Amino acid sequence: QVQLVESGGGLVQAGGSLRLSCVASGSIFDINPMAWYRQAPGKQRELVATVTSGGRRDYANSVKGRFTISRDNTKGTVYLQMNSLKPEDTAVYLCNGNGWYGYWGQGTQVTVSS
């Protein structure tokens with residue numbers, strides 16, 4: 001069983017940047033894909049970005065051009081670089097591995113003030 005632990009969230013002004021990290025307790029070489037989701041209060045959990053073991057990346061339309069997902073298999077870590085943040089990006093961001101029925105972290109809060 002792999003455990004995922006997120007960090008890097010916080011409070012930032014609109015237009016600012018944050019970098020989220022997700023560290024796995026074990027190897028992520030065989031975990032495919034790795035992903036970031038987010039959930040705002042009163043809203044459904046939504047997929048933000050995915051990265052496959054081969055390096056293919058996909059993004060929600062709402063974050064394309066602003067967010068970048070990456071993974072370092074040797075460190076068992078996935079990152080989410082978030083630039084040009086908007087108030088609507090405010091949510092709990094959760095790390096995921098192997099899809100919806102796979103592994104989940106506890107989440108890290110991101111709050112963007114206007």
Side-chain angles (χ1 to χ4, degrees):
Q1 185 76 5
V2 174
Q3 293 184 331
L4 304 176
V5 179
E6 303 94 335
S7 63
L11 174 64
V12 63
Q13 288 188 331
S17 298
L18 284 174
R19 188 195 195 202
L20 306 184
S21 298
C22 168
V23 179
S25 60
S27 172
I28 65 170
F29 277 96
D30 296 325
I31 298 179
N32 195 33
M34 293 296 301
W36 286 95
Y37 285 74
R38 67 186 180 186
Q39 188 164 20
K43 294 188 177 182
Q44 289 188 332
R45 190 172 295 187
E46 64 170 344
L47 180 61
V48 175
T50 62
V51 58
T52 68
S53 56
R56 172 176 173 167
R57 306 174 188 180
D58 289 297
Y59 299 93
N61 287 335
S62 58
V63 306
K64 279 183 182 177
R66 301 188 297 123
F67 290 11
T68 302
I69 188 171
S70 60
R71 63 191 286 169
D72 186 336
N73 290 335
T74 62
K75 295 182 179 179
T77 304
V78 181
Y79 304 98
L80 186 68
Q81 178 66 44
M82 306 186 295
N83 299 328
S84 302
L85 283 161
K86 304 175 181 180
E88 51 263 46
D89 294 319
T90 295
V92 174
Y93 283 71
L94 303 109
C95 183
N96 168 268
N98 277 350
W100 190 264
Y101 298 103
Y103 309 112
W104 289 94
Q106 293 297 313
T108 185
Q109 176 71 46
V110 171
T111 304
V112 184
S113 63
S114 57

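Nothing fancy with the numbering, it's 1 onward along the sequence. On a predicted model such as this, the values are computed, not experimentally measured, just so you know.
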Give the cluster check for [X] versus [Y]: same hydrophobic cluster or not, with ILVMFWY residues linked at side-chain heavy-atom distances below 4.5 Å.
| X | Y | value |
| --- | --- | --- |
| Y101 | L4 | no |
| V12 | F67 | yes |
| Y59 | L18 | yes |
| V51 | Y79 | no |
| L80 | V63 | yes |

Check step by step if side chain to side chain contact (heavy atoms under 4.5 Å, CB included) holds for S53 and R71.
-> CA-CA 8 Å; S53 56; R71 63 191 286 169; 4.3 Å; yes
Gap between atom [atom2] of [Y] and atom [atom1] of [X] - 0.5 Å precision:
| X | Y | atom1 | atom2 | value |
| --- | --- | --- | --- | --- |
| T111 | L85 | OG1 | CG | 10.5 Å |
| M34 | T52 | CE | OG1 | 12.0 Å |
| I28 | N73 | CD1 | CG | 4.5 Å |
| R19 | M82 | CZ | CE | 11.5 Å |

Is any side-chain heavy atom of W104 less than 4.5 Å from a side-chain heavy atom of R45?
->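 With C-beta onward as the side chain, the pair touches.
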Donor-acceptor contact below 3.5 Å, side chain [X] vs main chain [Y]:
| X | Y | result |
| --- | --- | --- |
| R57 | I69 | yes |
| T90 | V112 | yes |
| R38 | V110 | no |
| E6 | Q106 | yes |
| N96 | Y103 | yes |

So, N83 versus S17: side-chain donor-acceptor pair below 3.5 Å or not?
->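 Short answer, yes.
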If you compare all heavy atoms of [X] against all heavy atoms of [Y], which two are closest, and at what distance to 0.1 Å?
| X | Y | value |
| --- | --- | --- |
| V2 | S27 | CG2-O, 4.4 Å |
| S114 | A14 | CA-CB, 4.4 Å |
| I31 | G97 | CG2-CA, 3.5 Å |
| T108 | L20 | CG2-CD2, 4.0 Å |
| A35 | L47 | CB-CD1, 4.0 Å |
| W36 | C22 | CZ2-CB, 3.6 Å |

Tell me, yes or no, whether the heavy-atom count around D72 atom CG, taken from other residues, nucleotides or ligands under 6.0 Å, exceeds 12.
->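 More than 12 heavy atoms, drawn from other residues, nucleotides or ligands, come within 6.0 Å of this atom.
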Q3 atom CD: more than 12 heavy-atom contacts under 6.0 Å =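 Not buried by this count: 12 neighbours or fewer within 6.0 Å.
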